[in-house]
Amino acid sequence: MNIFRLFGDLSHLAAIAILLLKIWKTRSCAGVSGKTQLLFAVCFITRYIDLFLHFVSLYNTEKVMKLIYISASVFTCYLIFFKFKATYDGNHDSMRAEFLIVPAAGLACLINTKFDAIEILWTFSIYLEAVAILPQLFLISKTGEAETITSHYLFAQGSYRALYILNWIYRYHYESHVDTIAIVAGVVQTILYCDFFYLYITKVVKGQKIVLPA
Amino acid sequence: PHASKKHDEL
């Protein structure tokens with residue numbers, strides 16, 4: 001474990017917590033893409049499938065973190081699609097998730113480190129996570145604005161994988177550890193946030209709201 | 001560098 005990965009995971013936890021708090025406190029999921037949250041839930045379940053396959057003694061933090069990620073993302077989907085369904089902005093959350101899931105699944109079968117079920121699921125989860133934020137960014141571009149709290153969520157969510165890139169550089173240099181698939185997907189994922197990062201740093205930090213077109 | 005056998009990251 002290194003500082004970059006630690007802060008990356010903390011940033012990821014913060015993102016999940018910010019979104020849950022936003023929905024719970026405002027009792028509304030306006031401005032939140034339910035499809036993105038569904039895709040994240042799929043990512044966690046397919047990536048941490050080993051938790052279900054053989055019983056895990058919750059002795060180490062990694063197992064606990066995996067359970068937190070899975071339960072929090074499923075609970076967020078429950079809030080969006082059931083509890084606060086009336087506030088779900090289905091008209092603007094219109095990006096076809098199939099256009100993300102099918103290519104990720106296809107690519108996972110073509111480019112992977114080992115052709116076995118668990119590894120393919122893990123690879124699918126990595127590829128899907130890289131594009132899972134697209135419906136959320138698409139929704140913001142359709143509504144033309146993002147609530148400040150949602151911007152903080154996106155900043156934390158985007159920072160997590162950006163910090164992981166620093167973690168991979170660190171591990172390459174000090175542990176000569178390389179996980180090419182995760183690195184390439186992580187770079188693509190972070191690049192998708194660049195436009196938002198620019199808006200966040202030039203606007204939200206100054207207390208303004210993000211309104212598109214910028 | 002060696003490709004990691006087990007994925008040890010979240």
Side-chain angles (χ1 to χ4, degrees), chain A residues 1-2 4-6 8-13 16 43-44 46-51 60-70 73 112-114 116 118-123 125-126 129 160-161 163-165 167-186, chain B:
Chain A
M1 176 60 89
N2 59 68
F4 304 112
R5 201 163 124 211
L6 174 67
D9 291 334
L10 291 176
S11 178
H12 198 184
L13 271 179
I16 292 169
C43 285
F44 291 135
T46 51
R47 192 174 305 182
Y48 306 141
I49 196 93
D50 57 311
L51 288 184
N60 73 353
T61 46
E62 189 180 308
K63 302 272 190 269
V64 174
M65 288 281 277
K66 289 177 177 180
L67 279 176
I68 290 172
Y69 284 163
I70 290 176
S73 62
N112 52 61
T113 37
K114 205 169 39 171
D116 78 36
I118 301 287
E119 189 60 28
I120 298 274
L121 281 175
W122 178 86
T123 311
S125 152
I126 290 288
E129 186 190 354
Y160 130 71
R161 217 60 180 170
L163 286 163
Y164 255 71
I165 293 173
N167 150 65
W168 290 321
I169 294 169
Y170 176 94
R171 295 191 73 182
Y172 174 78
H173 189 265
Y174 291 103
E175 303 164 22
S176 70
H177 165 286
V178 174
D179 196 341
T180 315
I181 285 177
I183 293 171
V184 173
Chain B
H2 60 282
S4 61
K5 285 287 160 286
K6 186 183 166 312
H7 303 295
D8 61 353
E9 293 174 340
L10 287 178

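All of these numbers come straight from a predicted model, not from anything done at the bench. Letters A, B, ... mirror the listed sequences (proteins, then strands); counts begin at 1.
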| request: Drop me the distance from D50(A)'s CG to H7(B)'s NE2, to the nearest 0.5 angstrom. | output: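 It is 11.0 Å, given to the nearest 0.5 Å.
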
| Of all heavy-atom pairs between Y69(A) and L10(B), which one has the smallest distance, and what is that distance? | CE1-CD1, 3.8 Å

| message | For a quick test of reading the model, state the closest non-hydrogen atom pair linking R5(A) to D8(B) and the distance between them. | response |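 Nearest heavy atoms, R5(A) then D8(B): NH2-O, 3.0 Å.
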
| said: Using side-chain heavy atoms (C-beta onward) and a distance below 4.5 Å, is N167(A) in contact with E9(B)? | reply: yes

